[in-house]
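Here is the structure we will look at, set down as structure tokens.
Naming: A, B, ... by sequence-line order, numbering from 1 per chain.
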Amino acid sequence: GNSVTQMEGPVTLSEEAFLTINCTYTATGYPSLFWYVQYPGEGLQLLLKATKADDKGSNKGFEATYRKETTSFHLEKGSVQVSDSAVYFCALSSQTSYDKVIFGPGTSLSVIP
Amino acid sequence: DTAVSQTPKYLVTQMGNDKSIKCEQNLGHDTMYWYKQDSKKFLKIMFSYNNKELIINETVPNRFSPKSPDKAHLNLHINSLELGDSAVYFCASSRLGREYEQYFGPGTRLTVT
């Protein structure tokens with residue numbers, strides 16, 4: 001079945017450091033890929049998306065590129081801020097999973113001043 | 001102004017009790033969901049409804065029953081609560097055809113003692 005794997009957290013970075021959170025997926029067909037973010041005490045919010053191979057999703061300084069050859073969708077940000085501290089979820093959706101969104105296990109990020 | 005709201009935010013109850021969590025969305029969305037998030041932040045879909053019709057019913061105990069009185073509401077009833085039901089429960093909604101873009105409520109933290 002379809003699934004999403006993420007690097008284990010927690011990840012702790014200093015402010016202005018470069019962020020990479022790895023995400024790989026297993027899916028039949030051509031899934032769409034997403035990153036969701038969950039700030040402390042809140043529900044998840046869609047951060048960015050990519051719907052086909054080589055698409056780059058971007059939002060709030062975060063980027064991720066859909067790499068079909070490596071089945072990956074790594075999240076990157078050039079300079080993190082304390083306000084980026086949150087849990088990040090990689091996710092996929094495809095018609096073979098009846099369009100339901102399958103979430104990865106989440107990666108917790110803490111940014112320290 | 002809240003897009004997806006849930007009540008209560010916190011729920012502490014004893015084993016064996018029956019409880020309900022309410023969810024309302026004012027976005028005009030057609031599809032609503034219930035998710036369970038465990039202590040390790042792992043997110044699992046439980047149910048989804050589209051226009052008051054059950055679409056997704058994952059393997060959850062039949063003590064859990066969703067009820068959708070109208071398109072804007074999806075309530076979750078839990079009978080005979082068990083310790084393992086302790087978790088954060090999230091309601092979400094999406095527009096038809098954009099199931100990947102889900103709007104989450106703030107969550108209900110359920111503690112069973």
Side-chain angles (χ1 to χ4, degrees), chain A residues 1-11 21 25 27 29-52 55 57 59 64 66 73 85-110, chain B residues 2-10 21 23-25 27 29-50 53-60 66 74 76 87-109:
Chain A
N2 297 341
S3 66
V4 177
T5 304
Q6 293 179 231
M7 63 186 282
E8 281 193 33
V11 174
I21 300 178
Y25 67 91
Y30 302 94
S32 296
L33 302 174
F34 316 94
W35 278 100
Y36 275 78
V37 58
Q38 183 180 24
Y39 298 105
E42 297 183 11
L44 281 71
Q45 305 172 27
L46 180 63
L47 180 60
L48 54 83
K49 69 179 189 288
T51 57
K52 60 184 188 296
D55 267 2
N59 186 22
Y66 189 145
F73 192 55
S85 298
V87 181
Y88 292 82
F89 293 87
C90 186
L92 71 81
S93 174
S94 78
Q95 290 185 336
T96 59
S97 61
Y98 306 100
D99 292 319
K100 73 179 180 185
V101 178
I102 296 171
F103 290 91
T107 301
S108 176
L109 169 68
S110 292
Chain B
T2 305
V4 181
S5 60
Q6 295 178 228
T7 53
K9 190 167 176 60
Y10 300 97
I21 305 172
C23 176
E24 176 181 2
Q25 55 95 4
L27 298 167
H29 287 170
D30 308 281
T31 307
M32 297 184 71
Y33 312 82
W34 277 109
Y35 287 89
K36 179 181 180 181
Q37 186 175 49
D38 64 23
S39 58
K40 295 186 178 180
K41 301 293 188 183
F42 186 76
L43 199 63
K44 177 183 164 67
I45 189 167
M46 302 173 70
F47 304 101
S48 98
Y49 265 74
N50 181 274
E53 181 184 346
L54 183 64
I55 302 298
I56 295 174
N57 185 1
E58 293 294 299
T59 306
V60 298
L74 181 63
L76 183 66
V88 180
Y89 291 84
F90 286 100
C91 177
S93 71
S94 67
R95 197 175 301 280
L96 192 63
R98 294 175 69 90
E99 285 76 12
Y100 60 85
E101 188 169 359
Q102 297 185 14
Y103 290 73
F104 281 75
T108 295
R109 181 175 293 278

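- Residues A:I102 and B:I45 form no side-chain contact, since every pair of their non-hydrogen atoms from C-beta on lies 4.5 Å or further apart.
- Remark: A:Q45 CD to B:Y103 OH distance equals 10.0 Å, nearest 0.5 Å.
- Proximity to chain A is limited to the backbone of B:K40, based on heavy atoms less than 4.5 angstrom apart.
- Counting heavy atoms of neighbouring residues, nucleotides and ligands inside a 6.0 Å radius, atom NZ of A:K52 does not exceed 12 of them.
- The minimum heavy-atom distance linking A:F89 with B:K41 is given by the pair CE2-O, 3.3 Å.
- Other residues, nucleotides and ligands contribute more than 12 heavy atoms inside 6.0 Å of the CD atom of A:E42.
- For B:Q6, no part lies under 4.5 angstrom from a heavy atom of chain A.
- Note: B:Y35 and A:F103 meet the aromatic proximity criterion, with ring centroids under 6.0 Å apart.
- In this structure, B:Y100 contributes its side chain and A:L33 its backbone to no donor-acceptor pair below 3.5 Å.
- What you find for B:E99 and A:V101 is that their closest heavy atoms are O-CG2, 3.5 Å.
- The two residues B:F90 and A:Q38 make their nearest non-hydrogen contact at CZ-NE2, 3.2 Å.
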Margin query: The test is side chain to side chain contact (heavy atoms under 4.5 Å, CB included); show your working for B:Q102 and A:Y36 and say whether it passes.
Written below: CA-CA 10 Å; B:Q102 297 185 14; A:Y36 275 78; 3.7 Å; yes
